[in-house]
Amino acid sequence: MSDVQAPRIDGERQWQSHMEMAKIGATPGGGVCRLSLSDEDKISRDLFVSWAKKAGCHVRVDRVGNIFMRRLGAELDLPPVMTGSHLDTQPLGGRFDGAYGVLAGLEVVRALNDAHIRTRHPLEIVIWTDEEGCRFTTKTMGSAVFAGLRPEADVLDGVDPDGIRFGDELVRIGYAGPEPCGGFPIKAYFENHIEQGPILENEGLPVGVVLGAQGQRAFQITVTGEEGHAGTLPMNLRKDAFLGAARMADALNAVAFNHEPWPVITVGHVRVRPNSRNTIPGQTVFTIDSRHPDADTLAAVKAEMIAVCEGIAANMGLELDVLETNYSAVATFDAELVQSIREAAARWDLPCRDMFSGAGHDACKIAEVAPTAMIFVPCKDGVSHTEREDATPEDLAAGTQILAQVMLDAAEAV
Ligand code: HGY
Ligand code: MN
Ligand code: MN
C-alpha cells in the first residue's frame, strides 16, 4: 500500500456531471438510448472530451474511435495508469452502465487537480468504442481491437441492420482518429461499473472487488424457409422460418437446464422477413448470447445449441446457417491490482466483498494485454439494460474514492 492518501473525491460534482450526461439520449421512461456511433454517441463524446480538456487532459483518438485523455505524469515516457469504460448504451438502457466508469475517471483527475497532486506515471481516461454491441456485429469492439483480439478492418467493415457501415458512421460523427489502435504499454487498467446484479445491494455492501468475468459465446442464426400467402397455403405445406426460429428459441432455453450451474442463454434480437401480417415468414435471423464461468461447459453448450437448431431445421425442412459472432474467454483479473482494491477499501473504511462479473466489460479484453481489475458498486434491485437501472450518488462516490486511491497507488505520487 502507498503512503499517500488520495484526496477526497467530490461525490456531488460527479453526480451533477452524471446527470448532465444522462440527458443525452434520455428516454421517456427515465433511461438512455445512445446507440454506438449515433448522433447521441457523438454528442456525449463531445461533452466528455470538453470536460476532460478543461481538466487539463491531452486528447487522442485512434482509428476505431477509442478516445484517450491523458493527465501528464512527472516522467513523460512512463506507461499510463488507465481507467475508463463506454458511453454507448442499449436501445432502452440505463444512465449508469458504462457512463459511470468514464465519469469516475474524470472525477479522479478533477480531485487530484484540486489537491495539486502530481504522479510519476501519467493517468489516462479512455472511452472505448461500441462496448454494448447491440447495433453492429458484436460487443466490446474498440477494446478488442486495442488488445489485438479482433482485426481493425473487421470492425470498420461491420454493418448495422440497415446496412450502414461502422467505418462510415465513425467518419460521419468525427471520431475516425489518426492514431494506430493499441500497441502501447499500460501500467495498470481499472474499470468502475455498476454491478448489474443483486449481490451487493442484498448484502448492503458499497463495493465489490471483481476477480474476473464469465466467458461468452454469441451467434447469429439464419433460418431460411419459403414465403407464401397467409390465406391460401395450407398448414401442412408451409416452411415457416419464424415458427422454426421460435421452436429453436424454446429448445435453446431448455439447453441451459442441462448443466449445473446453469449457463445463461438469451435470444434477444429477431428479424423476420418480410415481416408482414399476411405473408408466411420466409427468413428469420436471430441472435444467441450464451455465458458460463467454465470454458469447457461453454463449449459443450455451444455444441448442444447447434445440435438442437439443426434437428429442428431438418424436421421442418428449413435451411440453417450458424455464425459465431463473438467469443470472450473467461477473464481473470490481476492478483496484485485486486489486492490493491481490497486494501484501498479497508483504508477508506468501505466494506467490500470479492465477486465475479456476469456481464462482459472492456476490462475483460484489456486484461489480455495489461494488468487489469474492476470495482463494482451496487445498483437498485440489481437491474441493468433497462430504463429502470438506478444507483445512489453515495455508492458511486464510494467506488470512485477507491478508484482514486488505487490509481494514485499505481501511478505513484511525487
Ligand atoms: O453484454 C454485456 O455483458 C455488456 O453489458 N456489454
Ligand atoms: Mn457496461
Ligand atoms: Mn451493458
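Indexing begins at 1, ligand by ligand and atom by atom, following the structure's order. Keep in mind it's a predicted model, so treat the numbers as computed, not measured.
Regarding atom 1 (O) of ligand 1, its nearest protein heavy-atom neighbour is R291 NH2, 2.8 Å. At the shortest separation from atom 6 (N) of ligand 1 among protein heavy atoms lies E131 OE2, 2.9 Å.
Note on residues 241-258: pairs passing side-chain hydrogen bond (donor to acceptor under 3.5 Å, both in side chains), not counting sequence neighbours, are N258-E304.
Annotation: cation-pi pair R60/F184 present, NZ/CZ under 6.0 Å from the ring centroid and within 45° of its normal. Figure legend: R110 and W51 shown as a cation-pi pair, the cationic atom lying under 6.0 angstrom from the six-membered ring centre and within 45 degrees of its axis.
In this structure, of G360, A218, S384, the residue bringing a heavy atom nearest to atom 4 (C) of ligand 1 is G360.
Using a 30° and 60° split on the angle between ring planes, F68 and F146 fall in the tilted class, from 30° to 60°.
Protein N/O/S atoms found under 2.8 Å from the Mn ion (ligand 2), listed by chain and residue number: H86 NE2, D97 OD1, H193 NE2.
Close approach to H385 involves these atoms of ligand 1, each under 4.0 Å from a residue heavy atom: 5 (O). Residue contact check: K139 has heavy atoms under 4.0 Å from atoms 1 (O) of ligand 1. Within the listing of ligand 1, atoms 3 (O) sit less than 4.0 angstrom from a heavy atom of A359.
With a heavy-atom cut-off of 4.0 Å, H86 does not touch ligand 1 at all.
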- Verdict with reasoning, E132 to H385, per side-chain hydrogen bond (donor to acceptor under 3.5 Å, both in side chains): CA-CA 10 Å; E132 290 292 0; H385 285 194; 3.3 Å; yes
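Atoms CD and NZ, from E124 and K187 in turn, are 15.0 Å apart once rounded to the nearest 0.5 Å.
Every residue two or more places apart in sequence or in another chain was checked for a ring pair (Phe, Tyr, Trp, His ring centres under 6.0 Å) with F242, and none qualifies. Residues meeting the ring pair (Phe, Tyr, Trp, His ring centres under 6.0 Å) test with F190, sequence neighbours left out: none.
Proximity of a side-chain donor or acceptor of T287 to a complementary backbone N or O of H269 within less than 3.5 Å is detected.
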